[in-house]
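Working notes, structure below.
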There are 2 protein chains.
Amino acid sequence: MNDLQLFKERSNEAYEIYLPHISIDCVVFGFHDTSLKVLLLKLKGLESWGLPGGYVQKNEDVDAAAHRILEARTGVSRIFLEQFKVFGTVNRSEPSLTHMPPDLWYRQRFISIGYYALVNYKDIVPQVDDISDACEWKDITGLPEMMMDHELIYKTALETLRKQLNYKPIGYNLLPEEFTMPELQKLYEIILGYTLNRGNFQRKMLAYDILIKHDKSRKGGAHRSPILYSFDTEKYNKALEGGLNTGW
Amino acid sequence: MNDLQLFKERSNEAYEIYLPHISIDCVVFGFHDTSLKVLLLKLKGLESWGLPGGYVQKNEDVDAAAHRILEARTGVSRIFLEQFKVFGTVNRSEPSLTHMPPDLWYRQRFISIGYYALVNYKDIVPQVDDISDACEWKDITGLPEMMMDHELIYKTALETLRKQLNYKPIGYNLLPEEFTMPELQKLYEIILGYTLNRGNFQRKMLAYDILIKHDKSRKGGAHRSPILYSFDTEKYNKALEGGLNTGW
DNA sequence: ACAAAAGTGTTCTTGTTACACCCATGT
DNA sequence: ACATGGGTGTAACAAGAACACTTTTGT
């Protein structure tokens with residue numbers, strides 16, 4: 001079966017199952033190797049990359065749809081997901097899909113609900129499905145060309161992340177259960193886009209009283225092994241309610 | 001023509017004109033008489049009140065739809081409008097509309113895009129249309145019972161307003177062209193939910209260098225007439241880019 | 001005279017910034 | 001020895017909180 005036939009078959013199913021005109025796009029962030037990554041995929045027959053997305057079933061909550069879509073892509077359930085913006089201009093799909101037949105499901109006008117997701121990089125196994133060639137992590141410092149308005153969606157998501165750094169459990173969801181102080185600082189620096197003073201960062205972080213210090217340390221590096229921390233989720237969530245003291 | 005017939009006629013038109021399953025709800029804030037108001041309306045045949053809302057035309061940007069809907073309600077164009085959240089649970093319309101026939105446009109499942117609007121109270125003339133009995137300002141301290149999930153939408157909007165106080169031109173859009181320092185302070189206090197020290201508020205506000213002081217003052221009160229200010233929009237917008245210094 | 005409005009001063013406290021110095025530890 | 005990690009000190013400065021005193025002005 002060629003690609004177009006496949007799309008047509010999926011199209012007929014889609015008209016049955018999903019609400020028309022409404023789509024979901026997810027910007028999935030992961031942190032690995034001191035840099036921030038985004039999960040992108042490549043649809044068959046298209047040159048450019050796109051954000052993982054999908055549609056809302058006729059009898060499904062929108063948030064539930066976003067979780068379902070991401071679970072299919074990542075193999076992980078209970079992902080931290082936040083809806084952040086609707087993208088609703090008439091021409092937002094141009095010109096990526098104009099080569100496809102106009103009665104195809106995919107060529108409707110879609111109003112897309114943007115979600116960002118924060119995942120623990122190592123938990124994820126990116127899943128390619130039968131209508132895509134690839135599903136991979138891409139470093140945000142060198143993103144490929146993206147279809148439709150997906151670059152705008154990504155940029156809006158990163159901007160939202162920056163603004164919500166003091167109000168959402170961003171560190172908790174992007175880092176593994178146990179992490180080191182330099183890792184946490186690096187994450188903050190990447191999201192904010194500027195460097196922070198080490199001593200002050202550590203002092204301030206510890207003063208929030210939201211971290212649990214572990215006895216063990218991470219062996220294997222070339223130097224002194226760093227201390228491992230975890231978030232004290234109860235204290236962390238309480239502190240986030242009022243926002244961590246403004247200003248990084 | 002009775003109410004039901006009217007709804008049915010409107011319903012047939014709606015299927016022609018609008019995208020199905022997608023609606024817009026607007027929380028319109030106005031400031032008057034030292035208190036914050038919300039524009040509510042009452043649909044014919046329903047006991048509870050609702051937010052002004054509408055649908056997206058098949059060839060219309062979502063933001064443009066929100067503006068069109070509000071212009072019809074307020075008589076004002078170029079309103080300050082911000083999309084803030086999508087409300088997309090399956091059962092969000094229950095139980096408000098269950099007495100209507102199931103094939104009616106209004107009884108579809110709607111995923112609603114929430115906008116908040118900030119308007120100059122005195123510019124607005126609330127417009128009743130033929131499917132509503134009333135369209136009125138209601139003080140936020142005594143809101144009536146609302147249909148569907150509109151109370152949740154309103155609360156989310158107010159919460160958003162609070163969070164964005166330092167990042168959006170909220171004072172500029174809620175106050176008339178010229179206003180006094182006590183009025184500005186009162187507005188901040190209502191949105192924040194707590195009182196502020198007068199001397200410090202004035203000093204901080206003036207230090208931002210975003211206000212233009214006028215020579216004239218407002219006559220007619222029982223006491224010393226207060227000085228009138230306007231926003232210096234250029235400086236104001238520049239200051240908002242980085243956020244007014246965090247913390248009120 | 002009175003009360004709201006406006007302007008400013010002061011003190012106390014807290015937080016931020018930018019360093020610097022010391023120690024620990026794995027290779 | 002050396003590079004990284006961890007802990008803390010400190011001095012200069014900026015900002016916040018809480019109050020108080022004064023002046024202006026319309027009725």
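First the proteins, then the strands, lettered A, B, ... as listed; each starts at 1.
In this structure, the CD atom of A:Q202 is 19 Å from the P atom of C:dC21, given to the nearest Å. The CG atom of A:N200 sits 12 Å away from the C1' atom of D:dG9 (whole-angstrom rounding). At whole-Å resolution of the value, CG in A:L228 and P in D:dG5 are 13 Å apart. Rounded to an integer number of Å, the gap from CG of B:L206 to P of C:dT8 is 9 Å. As a whole-Å value, the separation of A:L184 CG from D:dG5 C1' is 14 Å. A straight line from CE of B:M205 to C1' of C:dG7 spans 17 Å, rounded to a whole angstrom. Across the protein-nucleic acid pair, B:L211 atom CG and C:dG7 atom P stand 11 Å apart, rounded to whole Å. Distance B:F201 CZ to D:dC19 P: 19 Å, rounded to the nearest Å.
Mapping A:N197 and B:T180 onto DNA chain C by nearest heavy atom places B:T180 at the nucleotide closer to the 5' end. Toward the 5′ end of DNA chain C lies the nearest nucleotide of A:G199, the other residue of the pair A:R224 and A:G199 mapping further downstream.
A 6.0 Å sphere centred on OH of B:Y172 holds no more than 12 heavy atoms belonging to other residues, nucleotides or ligands.
Between A:K213 and D:dG5 there is no side-chain polar atom (N or O) within less than 4.0 angstrom of OP1 or OP2. At the phosphate of C:dT8, neither OP1 nor OP2 sits under 4.0 Å from any side-chain N or O atom of B:K204. One finds a side-chain N or O of B:S225 lying less than 4.0 angstrom from the OP1 or OP2 phosphate oxygen of D:dG26.
Among the nucleotides D:dA3, D:dG6, C:dA5, the one closest to the side chain of B:P226 is C:dA5.
Below the 3.5 angstrom threshold, one finds a donor paired with an acceptor across the side chain of B:R198 and the base of C:dA6. For D:dG7, its base never sits under 3.5 Å from the side chain of A:R203 at any donor and acceptor pair.
A tilted orientation is assigned to the rings of B:Y116 and B:F84, their planes being inclined by 30° to 60°.
Sorted by first and then second residue, the salt bridge (Lys or Arg N to Asp or Glu O under 4.0 Å) pairs involving residues 174-189 of chain A (not counting sequence neighbours) are A:E178-A:K216, A:E183-A:R218.
A:F179 meets the ring pair (Phe, Tyr, Trp, His ring centres under 6.0 Å) test with A:F231; sequence neighbours excluded.
Residues B:L46 and B:M147 meet the side-chain proximity criterion, which asks for heavy atoms closer than 4.5 Å.
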